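Not measured: the values here are computed from a predicted model. Chain A is the first sequence line, chain B the second, and so forth, proteins listed ahead of strands; every chain is numbered from 1.
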2 protein chains.
Amino acid sequence: MGDRTTIYDIAKRLNITAATVSRALSNNSKISKKTRELVFKTAEEMNYRQNKLALALKSGKSNNVGVIVPRIDRNIFSAVIRGIEENLHSEGYQVIICQSHDDEKLEIENIDALINAQVDGIIMSLTLETSEKNKAIKRIVKKGIPLIFFDRKKDIEGVSTVTINDFEGGYKATQHLIDQGCKEIAHLAGDFAIEIYEDRYKGYREALSDNGIEFREEFLIHTSSKVEDGQKATRALLKLKERPDAIFSASDFVALGAIQELRAQGIKIPQDFCVVGFSNEPFTKFMELSMSTIDQSPRDMGKIAANVFLEQVTNNDNVKIQKKVVLAPELLIRDSSSRLPIK
Amino acid sequence: MGDRTTIYDIAKRLNITAATVSRALSNNSKISKKTRELVFKTAEEMNYRQNKLALALKSGKSNNVGVIVPRIDRNIFSAVIRGIEENLHSEGYQVIICQSHDDEKLEIENIDALINAQVDGIIMSLTLETSEKNKAIKRIVKKGIPLIFFDRKKDIEGVSTVTINDFEGGYKATQHLIDQGCKEIAHLAGDFAIEIYEDRYKGYREALSDNGIEFREEFLIHTSSKVEDGQKATRALLKLKERPDAIFSASDFVALGAIQELRAQGIKIPQDFCVVGFSNEPFTKFMELSMSTIDQSPRDMGKIAANVFLEQVTNNDNVKIQKKVVLAPELLIRDSSSRLPIK
DNA sequence: CTGTTAGCGCGTTCAT
DNA sequence: ATGAACGCGCTAACAG
């Protein structure tokens, strides 16, 4: 039935010892060609498969890598995971996925479960940062488990990161709006407790400043990343005495809400108002009025994160590798902000 | 450093035996309250964590469940996985994800890797069916590993399935188009080697037949699920002497291509032409002209698949459970097919 | 109630 | 070139 054949079974059949079988299978150099071939043949016949669990217990390496994301059904995260899986699969690693749902308790729980499962590495996108969380992260580092942050980073000794340059993304988006002739650019921002949102904001500020445009408090609105929040914020902006003529949103979903509200109020895009989002969610391309946005090349991000892990785990020097890979964001100019007939 | 404390460590500290510690930790009834408490306290102090790998080797149960999907960055699949993870996490299981990329070799490879990793169950969406693949699937069943198909099913003895009623989906979509006054309904179909696509087609046929509408060969076009294929197919349809006045597409992406092509040719939707897709991809809701489609409630599908697994694995009777859960598809009527001012 | 022993399947010394 | 013995960390069977 469900009985596996072990190296003992094939040893018995061949009247040799399990150790020999083990060695033959691992292509140990000092095994006679004859027995090696015999072992391989018999293993094949008996449909032998190495028991990963035994190997893992013995070696302390599970050949599993844990990935923690807020939620998997968000394009950027599933795309990253796709990249990770693709580059890890070929190296014999399997990917365990965990969702934190932006809940700190859950995230810590996931971390401990992964440590406990003896994963060989952890690749994660942080949610919020708290002291409790930092302890959990320290636990990973202390155990010597390679840890890589992507997207939502944080500078921690011994932790590698793969991110895009969010500052540059914010800067590019804003500069582009300015180039389109917009003067009064509002920013729909995420929670500044999360670094990436703060960075996008800083990029926005810098671009304004570099162009001699004054920043206005009332043009900065914090939102969660829901469509409705974009509508609400936009409604608020349009009620101001001095209205903005463009929005740079740190989230595509919020930008979508903004566009919906603008159209509902009969405002012409991009003639009278320009909008740029962030993340290149798939739907942005498919909208009738396609949305300009910043692409984060999430799949590459995943592939690179996987490679950083592999380097780290392969590296037998005692020197700790700590890589900081920063990808360049790409501005995708689409209908929602292109007044000039480019594209 | 990375040294874990084991039950031996805490046994030594307490001058008792490891077995006692193990029993205390697992709340074995015949352990004195005193030692139990002592053990728990010391375990806490020494920051003990049960080694899952050792447990797995011992018990043969890894507490991992494998999930195989064609690709993870497709909304329906990531949504299913989200549901699976949510319902399995609380039961202490971890989810290993694999991508088949619709490549048979890769899929078989994944199956064997999962068996090999001693997963306690496998939840998967089949790609194509071949004899080679069937062997791999038989291997799973023979090992007694609970196996659950979702979305893309296949009737196999001992395998549970969680699907939506694709026939009904096809029927509903087509009937809806007829109700809108469409008479010449084309169908952009997927590969009939995959059951779900055949079922959607059958539903389409049945609806036509039930309404006394004759089926036309030239109105059936097979496509892959790419946007461009929808454009191409639509271009072909519009070249026919007798043009269709509606399209039911088995894929949202193909339906999108159709809409793009129709608009490019200046055809008014939904006045002159109606379109219904399938899957409720997120972008369908966000299009300027939102697209009617069939919702598959993928997250529920995942949750149910997880529950079926849990039932199966909990079930200690020797009776094999084999469940067939069929969810009802929901027709979402949106702009691309609603001529009546509903909604 | 607790200790002793054994074994899950594998790789790895230490012998030979 | 191969065998014997051991241990990874844990639980379970069998004492007592």
Side-chain angles (χ1 to χ4, degrees), chain A residues 1-40 42-43 46-64 92 115-120 143-144, chain B residues 1-40 42-43 46-64 92 115-120 143-144:
Chain A
M1 268 286 284
D3 305 315
R4 314 170 54 92
T5 75
T6 72
I7 50 173
Y8 286 93
D9 299 327
I10 113 160
K12 197 173 294 175
R13 167 101 77 111
L14 260 40
N15 271 327
I16 54 177
T17 198
T20 308
V21 175
S22 169
R23 280 187 278 246
L25 254 21
S26 61
N27 281 316
N28 186 309
S29 56
K30 39 182 92 171
I31 282 287
S32 78
K33 197 179 171 189
K34 194 179 151 196
T35 37
R36 193 206 322 284
E37 285 173 353
L38 202 56
V39 166
F40 268 97
T42 330
M46 301 181 71
N47 205 0
Y48 167 79
R49 308 274 158 182
Q50 187 187 47
N51 185 331
K52 270 191 72 172
L53 261 33
L55 181 58
L57 176 60
K58 174 73 180 160
S59 65
K61 304 192 80 286
S62 65
N63 265 293
N64 287 151
I115 293 179
N116 203 219
Q118 311 264 76
V119 291
D120 297 338
K143 295 256 177 215
Chain B
M1 265 286 282
D3 304 316
R4 313 170 53 93
T5 74
T6 72
I7 50 173
Y8 285 94
D9 299 327
I10 112 158
K12 195 174 294 175
R13 165 102 76 112
L14 260 42
N15 270 327
I16 53 178
T17 199
T20 308
V21 175
S22 169
R23 280 186 281 246
L25 254 21
S26 61
N27 280 315
N28 186 309
S29 56
K30 38 181 92 172
I31 283 285
S32 78
K33 197 179 170 189
K34 194 180 153 196
T35 38
R36 190 203 326 284
E37 284 172 355
L38 201 57
V39 167
F40 267 97
T42 332
M46 302 181 72
N47 206 0
Y48 166 80
R49 306 275 158 181
Q50 187 188 48
N51 185 331
K52 270 191 71 173
L53 260 34
L55 182 58
L57 177 59
K58 173 74 181 159
S59 66
K61 303 193 80 286
S62 64
N63 266 292
N64 287 151
I115 293 178
N116 203 219
Q118 312 265 76
V119 292
D120 297 337
K143 296 255 178 217

Undergrad: Side chain of D120(B), backbone of S62(B): donor and acceptor closer than 3.5 Å?
TA: yes

Undergrad: Base, sugar-phosphate, or nothing for S32(B), non-hydrogen atoms under 4.0 angstrom?
TA: sugar-phosphate

Undergrad: Measure the distance from OH on Y48(B) to C1' on dG9(D) and round it to the nearest whole Å.
TA: 8 Å

Undergrad: Once rounded to the nearest 0.5 Å, what's the spacing between atom CG of L55(B) and atom OG of S22(B)?
TA: 9.0 Å

Undergrad: Nearest to the side chain of L57(A) - dG7(D), dG9(D), dT2(D)?
TA: dG9(D)

Undergrad: Can you tell me how far P of dG9(D) sits from CE of M46(B), to the nearest Å?
TA: 13 Å

Undergrad: When rounded to the nearest 0.5 angstrom, what distance separates NZ in K143(A) from CD in Q118(A)?
TA: 8.0 Å

Undergrad: Rounded to whole Å, how long is the line connecting atom NZ of K58(B) with atom C1' of dT11(D)?
TA: 5 Å

Undergrad: Identify, residue by residue, the members of residues 8-20 of chain A with a heavy atom below 4.0 Å from DNA chain C, and return them in order of residue number, or none.
TA: Y8(A), A19(A)

Undergrad: Start at the 5' end of DNA chain C and walk down; is the nucleotide closest to A54(B) or to R23(A) reached first?
TA: A54(B)

Undergrad: For residues M46(A) and D9(A), report the shortest heavy-atom separation together with the two atoms involved.
TA: CE-CB, 3.9 Å

Undergrad: Quick check for you: to the nearest 0.5 Å, what is the distance between L53(B) atom CG and N63(B) atom CG?
TA: 11.5 Å

Undergrad: Categorize T35(A) for me: base, sugar-phosphate, or nothing, with a 4.0 angstrom heavy-atom threshold over every strand shown.
TA: sugar-phosphate

Undergrad: Measure from CG on L53(B) to P on dG9(C) and round the result to the nearest Å.
TA: 15 Å

Undergrad: Nearest whole angstrom, please: distance from the C1' of dT12(C) to the CD1 of I7(A).
TA: 11 Å

Undergrad: Between N28(B) and L55(A), which residue's closest nucleotide on DNA chain C lies nearer the 5′ terminus?
TA: N28(B)

Undergrad: Could you state the atom-to-atom distance from CG of N27(B) to C1' of dC1(C) in whole Å?
TA: 15 Å

Undergrad: For N51(B) versus R4(B), what's the shortest heavy-atom pair and its separation?
TA: CA-NH2, 3.7 Å

Undergrad: Using a cut-off of less than 4.0 Å, is there contact between a side-chain N or O of S22(A) and OP1 or OP2 of dG11(C)?
TA: yes

Undergrad: Can you tell me if the side-chain N/O atoms of Q118(B) get under 4.0 Å from OP1 or OP2 in dC8(C)?
TA: no

Undergrad: Pick out which of V39(B), T35(B), V21(B) makes a side chain to side chain contact (heavy atoms under 4.5 Å, CB included) with L14(B).
TA: V39(B)

Undergrad: What's the CZ-P distance between R36(B) and dC1(C), to the nearest Å?
TA: 9 Å

Undergrad: Starting from P on dG9(D), measure out to CG on N51(B) and report it in whole angstrom.
TA: 7 Å

Undergrad: Quick check: on DNA chain D, is the nucleotide nearest K30(A) upstream (toward 5') of the one nearest Q50(B), or the reverse? Name the residue that is more 5'.
TA: K30(A)

